[in-house]
Amino acid sequence: MDALRAVVERITYQNEQNGYTVLKCAAKGYHELITAVGLMAEPHVGSVLSMTGEWKVDAKYGRQFSVTSYEETLPATVYGMEKYLGSGLVKGIGPKYAKRIVAAFGAETLNVIEETPDRLLEVPGIGRTRVEQIKKSWTGQKEVKNIMLFLQGHDVSTSHATKIYKTYGEKSIELVQENPYRLADDIWGIGFRTADTIAAKLGFSHEKFERLRSGLTYTLNRLSEEGHCYATREMLLKTGAELLEVEESLLSMTLDEMIRTGDVRTAPIPQPVPEEEASETPAEQPGTAIYLPPFWYAEAGTARRLRRIYASLPGITVTEACLRGVLSAQDGMVYDPVQAEAIETAVRSKILILTGGPGTGKTTTTLGIIRAFRAAGARVLLAAPTGRAAKRLSETTGMEAKTLHRLLEIKPAEGYQRNEENPLEGDVLIVDECSMIDILLMYALLRAVPDSMRLILVGDVDQLPSVGAGNVLRDMIDSGAFPVVRLTKIFRQAQTSRIILNAHRINKGQMPDLSNGRDTDFFFMEQEDPDAAARLIADLVSRRLPAHYHVGPGDVQVLTPMRRGSIGAASLNTLLQETVNPGETGLRHSGILYKVRDKVMQIRNNYDREVFNGDIGEVSAVNPEERELTVNFDGREVTYDVSELEELTLAYATTIHKSQGSEYPIVVMPVLMSHYVMLERNLIYTGVTRAKKALVIVGTRKALAMAVRNQNAEKRNTMLAERILQEG
């Protein structure tokens with residue numbers, strides 16, 4: 001083994017999940033910076049590492065020092081101290097103040113911060129508020145370092161140390177030792193597998209109840225992330241036994257105890273029997289559905305509220321005269337028979353579902369419904385699941401439209417302020433992009449809808465279902481319990497768009513027209529090799545499309561079927577950032593360098609900041625001194641501390657799933673055989689319908705044909721349709 005002592009000059013890459021790190025270091029006797037790679041617990045720029053390992057030559061990256069073990073020490077030189085403090089390690093000290101502090105105290109700098117921090121007031125420009133900020137941050141860093149060392153001592157990645165410290169404070173180590181599985185319950189971003197690794201190193205029994213309970217909860221949560229509201233008992237036990245490597249019988253006893261204590265809820269699964277066998281074959285015993293409580297309550301509550309609203313008398317009635325006035329084309333608007341039927345059904349029913357593809361007149365029909373209700377003096381509320389969808393609804397109607405979270409007046413820690421006790425005020429609620437609404441959000445919405453309110457749900461049921469659990473719009477239609485109007489006619493003005501025509505072809509299982517042409521808005525570029533496709537996409541986004549359409553690269557959105565792989569969102573984001581927004585100045589977190597002008601996406605709901613999963617913004621400012629960056633979300637500035645950047649990711653490229661509810665001027669979409677596990681008709685249909693001005697598909701005809709043929713999207717485990725019928 002070789003030994004190497006070096007000063008960290010730059011952190012090139014760090015994987016948050018496993019701690020794998022690539023460093024550029026300055027070492028005595030080496031004229032150029034050396035590369036050190038290995039599992040390292042968040043070293044900081046300027047710190048001194050004493051490393052053991054061996055020199056290796058990587059075919060792609062050249063000579064590297066592969067680290068097997070290391071120790072981090074505080075820098076001893078004035079230069080090292082300045083680099084260390086200027087790295088952003090301590091909030092309140094950036095490069096500017098690091099230079100001033102080190103100039104004032106020299107080799108004693110770190111001792112001053114540790115032992116007599118009030119002396120920092122002697123430094124020009126540093127006041128009492130900044131000193132207190134530095135004190136708090138320095139103490140926090142020491143605590144985090146202790147947690148890191150504790151976790152590292154148990155062979156676990158320490159990238160979660162800051163989250164643990166923020167949640168548990170000084171009791172972090174004590175609580176983790178007591179029950180590491182609580183990490184999976186309490187801390188977003190730490191899952192069962194991480195907690196299980198820690199528990200194993202702490203000597204927790206393989207068959208301990210806490211482990212089995214946490215493992216079953218984890219399995220149900222993982223299924224909910226795939227869209228399922230429940231798991232069958234058989235599947236849960238089988239999957240859980242494989243995950244936990246224990247006998248199903250032991251897990252079955254754990255599950256029975258969880259049912260007894262209310263950790264999970266159950267319901268019988270109806271077993272359909274073919275009509276010809278119904279008279280001869282007795283019905284099978286129903287299977288058992290196992291729910292996490294929030295999904296059980298949401299599904300049962302949604303069915304109950306829908307039935308209650310539908311059966312109640314409306315608060316306002318639209319007269320025949322009002323309806324005739326809207327349909328008579330007096331205002332120059334002409335409706336086709338199906339649109340007229342939708343308007344009539346809306347004003348006569350408590351609930352209406354309006355669905356249809358692009359160019360079929362959903363917007364025109366919605367405007368007609370609004371006119372009819374407003375002519376009768378009704379108070380109409382408009383809402384949509386995302387900020388972009390709400391903004392678009394507002395632009396098309398000329399009325400205020402809110403996100404569902406804002407409509408329901410979400411408050412962090414308190415939940416939705418609008419509910420049964422404080423319902424929405426109005427006569428009619430129209431909600432757009434309803435295919436995006438998951439079962440938890442739908443239940444929250446219906447709890448706030450008074451029985452007398454009319455409910456109009458608008459959406460394209462052929463798009464991908466919600467990212468969250470459930471298939472609400474599809475289940476409501478399948479129940480047959482509510483009026484549904486499906487618009488199918490493509491209007492003349494939409495027939496000039498090949499995006500729209502091809503979207504309908506794809507939805508019918510037909511190959512789109514790939515003939516390209518000078519005046520088309522739908523282009524296909526054949527490319528089989530994923531790496532070559534990635535380079536082509538980078539050229540399209542950075543140069544060719546902006547030049548042709550006279551727009552900025554920010555108006556071009558890459559939508560890809562997958563997150564991983566060379567043509568997945570993660571790799572494409574790295575490539576596109578280098579191409580569109582090069583430079584080394586920014587704020588680094590988990591291997592991503594966030595820079596001014598970067599396109600970013602929020603990847604979890606944050607009710608404090610009122611930004612939600614899928615919202616896209618642009619980095620407008622980076623402050624190395626405060627270790628903060630600011631993102632502009634449609635004109636609203638939101639500031640993030642560096643430890644909160646896990647809520648963001650680059651968004652030059654995003655998955656098609658994450659694009660739901662959004663429209664982009666220009667879309668570039670790779671469709672290659674390397675995506676084959678994700679190639680489904682509704683995925684491609686959703687991607688195509690996101691483009692307004694132009695769409696470019698990069699890939700192969702074979703992959704596109706496979707997607708168009710494949711309508712076998714996995715059925716989600718939901719019972720909303722059955723529950724609606726049972727409530728009837």
Side-chain angles (χ1 to χ4, degrees), residues 220-221 223-236 255 258-259 262-275 278 283-312 349-353 355 385 404 408 416 419-420 423 429 431 434-451 453-457 459 461 465-484 713-728:
L220 285 169
N221 270 315
L223 285 167
S224 75
E225 289 167 3
E226 295 171 8
H228 301 295
C229 290
Y230 69 84
T232 65
R233 183 183 178 100
E234 294 73 22
M235 179 54 71
L236 179 59
L255 181 56
M258 292 174 71
I259 293 170
D263 286 340
V264 294
R265 298 296 301 261
T266 65
I269 303 172
Q271 297 292 328
V273 179
E275 286 184 17
E284 295 180 39
Q285 281 294 103
T288 302
I290 311 293
Y291 289 82
L292 288 171
F295 299 106
W296 188 91
Y297 284 109
E299 197 174 76
T302 295
R304 185 176 62 253
R305 288 297 302 137
L306 284 170
R307 278 296 194 182
R308 177 71 180 266
I309 293 165
Y310 189 59
S312 300
S349 303
K350 284 298 302 301
I351 294 177
L352 169 70
I353 299 170
T355 187
L404 290 174
L408 298 176
Y416 297 108
N419 49 39
E420 300 95 328
L429 173 61
V431 186
C434 286
S435 62
M436 297 179 64
I437 302 178
D438 62 40
I439 192 66
L440 296 179
L441 184 54
M442 179 56 85
Y443 181 45
L445 175 65
L446 293 176
R447 288 177 62 195
V449 173
D451 292 348
M453 185 175 275
R454 296 179 187 267
L455 187 60
I456 316 294
L457 303 177
V461 75
S466 57
V467 174
N471 201 352
V472 175
L473 191 64
R474 169 66 65 187
D475 287 347
M476 286 182 65
I477 293 172
D478 288 349
S479 74
F482 312 107
V484 177
E714 184 182 349
K715 186 181 183 301
R716 295 185 167 193
N717 287 343
T718 72
M719 280 198 286
L720 179 60
E722 290 83 354
R723 289 181 187 272
I724 288 170
L725 293 174
Q726 288 168 7
E727 289 285 339

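The first residue of the sequence shown is numbered 1, and numbering continues consecutively from there.
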Any residue meeting salt bridge (Lys or Arg N to Asp or Glu O under 4.0 Å) with Arg716, in chain and number order, not counting sequence neighbours: none
Tell me every residue that passes salt bridge (Lys or Arg N to Asp or Glu O under 4.0 Å) with Arg304, counting only those two or more places apart in sequence or in another chain. none
Show which side-chain atoms of residues 473-484 pair as donor or acceptor with protein atoms under 3.5 Å away, not counting sequence neighbours.
| from | atom 1 | to | atom 2 | distance (Å) |
| --- | --- | --- | --- | --- |
| Asp475 | OD2 | Thr718 | OG1 | 2.7 |
| Ser479 | OG | Met476 | O | 2.7 |
| Ser479 | OG | Ala481 | N | 3.2 |

Side chain to side chain, [X] and [Y], heavy atoms closer than 4.5 Å:
X      : Y      : value
Ile437 : Ser466 : no
Ile439 : Leu720 : yes
Leu255 : Arg233 : yes
Ile724 : Arg307 : yes

Got a second to check how far Arg308's CZ is from Leu306's CG, nearest 0.5 Å?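 Rounded to the nearest 0.5 Å, the CZ-CG separation comes to 13.0 Å.
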Inter-residue atom distance Leu445.CG - Leu441.CG, 0.5 Å rounding: 6.5 Å
Check: Glu225 side chain, Gly468 main-chain N or O, donor-acceptor pair, under 3.5 Å: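 A pair under 3.5 Å: no.
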Side chain of Arg265, backbone of Tyr297: donor and acceptor closer than 3.5 Å?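 Not at all, since once roles are kept as given, no pair shorter than 3.5 Å links the two residues.
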If the condition is ring-ring contact (aromatic ring centres under 6.0 Å, His included), which residues does Tyr416 pass it with, not counting sequence neighbours?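 So Tyr416 forms no ring-ring contact (aromatic ring centres under 6.0 Å, His included) with any residue.
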Residues in ring-ring contact (aromatic ring centres under 6.0 Å, His included) with Tyr230, at least two apart?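 With neighbours one apart ignored, the set is Tyr291.
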Once side chain to side chain donor-acceptor pair (under 3.5 Å) is applied, what residue pairs with a partner in residues 437-448 remain, sequence neighbours excluded?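 The answer is Glu420-Arg447.
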